[in-house]
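Below you'll find the structure, written out as structure tokens, and then a few comments.
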Amino acid sequence: MIPALETRRLCKSFGALTVAADIDFLLAPGARHALIGPNGAGKTTFVNMLTGALAPGTGQILLSGDDITHVAQSARVRRGVGRTFQINALFRSLSVLDNVALGIAERYRFATRTWRPAHAYRDLRDECLALLDTLGLADEARRRVLDLPYGKQRLVEIAIALGLKPKVLLLDEPAAGVPSMESGRILEVLDRLPRDISILIIEHDMDLVFRFAQRITVMVQGAILVEGTPEEIARDRQVQQVYLGEQRHD
Ligand SMILES: Nc1ncnc2c1ncn2[C@@H]1O[C@H](COP(=O)(O)OP(=O)(O)O)[C@@H](O)[C@H]1O
Ligand SMILES: [Mg+2]
């Protein structure tokens with residue numbers, strides 16, 4: 001089995017602060033995998049290295065077995081590395097449709113050297129509307145992002161990432177800041193995503209993590225503390241001590 005994504009001895013420091021210490025990590029094809037750990041553990045930094053937003057100090061990153069350690073961020077997107085951001089990164093005064101269309105238009109540009117505006121525009125709009133429909137956002141297509149409840153804004157971020165047709169989807173706290181009533185909706189959407197997309201989710205909401213993930217990796221101070229099934233993680237003494245018993249502070 002070739003992992004969808006793999007890191008080998010990935011290291012990164014910011015000055016004297018080690019944020020990734022020899023991280024060996026496998027994301028299986030079709031994975032529903034969560035990365036958890038206290039604030040400052042290095043989770044976002046890890047994802048930033050996977051996407052190419054940040055260069056690792058040393059170590060390797062492989063996508064479906066191909067070394068992409070030195071491949072540029074935009075080329076990784078083309079090769080199927082999709083992500084959402086922990087902070088809301090939408091064009092808030094544009095409509096939902098326009099936000100998703102901007103992302104998909106990027107993909108069309110990658111795919112077609114000859115840009116045929118008439119066809120392409122219709123295909124683009126139809127694809128956007130179909131995508132929004134699968135996420136339960138069809139009725140919001142023409143609303144401005146800033147007029148939506150926050151939970152739906154976060155779904156638009158997921159829609160944009162999906163519009164780029166990722167093979168691997170990296171979700172950095174997709175439910176952060178979302179009231180618990182609305183976070184159930186995010187979980188429903190994630191549950192319905194096709195299994196050919198391998199998913200790594202960073203999330204602090206343990207209820208969501210344990211309902212979604214089939215595998216959990218716990219990161220502490222830039223290193224992997226333990227990895228296992230949700231059952232194994234839930235009964236791990238070290239995990240209970242460093243993480244699960246602890247309340248969030250942000
Ligand atoms: N660009 C940066 N320069 C210096 N330190 C950083 C930078 N980005 C993150 N850090 C530090 O690295 C550590 C890990 O951060 P981060 O990856 O955001 O953790 P997490 O996502 O697990 O909360 C934190 O101590 C953070 O302050
Ligand atoms: Mg983070």
Side-chain angles (χ1 to χ4, degrees), residues 5-27 31-61 68-70 72-73 76 81-90 150-151 153-155 157-158 160-161 166 168-178 180 183 186-187 190 199-210 212-213 215-228 230 233 236 238-250:
L5 199 62
E6 178 179 357
T7 67
R8 294 184 185 159
R9 306 204 61 165
L10 206 63
C11 294
K12 178 78 186 173
S13 299
F14 294 118
L17 179 70
T18 300
V19 285
D22 278 336
I23 300 179
D24 288 319
F25 176 83
L26 294 180
L27 185 72
R32 297 294 181 262
H33 197 136
L35 177 63
I36 66 172
N39 286 320
K43 304 179 298 295
T44 296
T45 301
F46 181 64
V47 164
N48 284 339
M49 290 191 282
L50 298 178
T51 62
L54 201 62
T58 55
Q60 275 182 301
I61 303 167
I68 58 160
T69 315
H70 304 291
Q73 188 170 12
R76 291 189 205 191
V81 179
R83 66 114 32 114
T84 58
F85 291 86
Q86 186 173 353
I87 48 160
N88 202 310
L90 304 170
Y150 193 64
Q153 295 189 18
R154 306 240 46 189
L155 283 176
E157 294 175 34
I158 296 174
I160 293 170
V168 167
L169 183 58
L170 309 168
L171 301 164
D172 195 354
E173 302 204 30
V178 176
S180 54
S183 70
I186 291 179
L187 183 64
L190 298 181
I199 301 179
L200 177 65
I201 185 171
I202 297 174
E203 186 50 60
H204 277 289
D205 178 342
M206 284 305 121
D207 190 40
L208 195 154
V209 165
F210 279 89
F212 176 75
R215 199 146 187 92
I216 299 176
T217 298
V218 184
M219 184 181 280
V220 177
Q221 292 178 2
I224 293 177
L225 178 72
V226 59
E227 184 186 313
I233 297 303
D236 188 285
Q238 273 182 294
V239 174
Q240 287 168 5
Q241 278 168 10
V242 302
Y243 191 68
L244 295 177
E246 180 194 84
Q247 293 296 310
R248 279 196 80 175
H249 298 294
D250 63 349

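What you see below is based on every heavy atom in this structure, not just the backbone, and it leaves out hydrogens, waters and symmetry mates. Whatever order the structure lists ligands and atoms in, that order sets their numbers, starting from 1. The structure presented is a predicted model; accordingly, all values stated were derived computationally and were not measured.
Residues Thr7 and Ile23 come closest through the heavy atom pair OG1-O, 2.8 Å. Closest of all the heavy-atom pairs between Ala175 and Leu208 is CB-CD1, 3.8 Å.
When each of Ile202, Ile201, Leu187 is tested with Pro174 by the rule side-chain contact (heavy atoms from CB on, under 4.5 Å), just one qualifies, namely Ile201. With respect to Leu5, the side-chain contact (heavy atoms from CB on, under 4.5 Å) criterion is satisfied by exactly one of Leu170, Leu200, Leu26: Leu170.
Distances between N or O atoms of Asn39 and those of ligand 1 include no value under 3.5 Å. Note: an N/O pair closer than 3.5 Å links Gly40 and ligand 1 by distance alone.
In this structure, Gly42 is part of the shell of residues with a heavy atom less than 4.0 angstrom from ligand 1.
When non-hydrogen atoms are compared, ligand 1 lies under 4.0 Å from the side chain of Val19 (C-beta onward) but not from its backbone. Contact annotation for Leu17 and ligand 1: only side-chain heavy atoms (C-beta onward) come within less than 4.0 Å of the ligand.
When distances to the Mg ion (ligand 2) are checked against a cut-off of 2.8 Å, Thr44 contributes an N, O or S atom below that limit.
Not a single salt bridge (Lys or Arg N to Asp or Glu O under 4.0 Å) links Asp24 to another residue, sequence neighbours left out.
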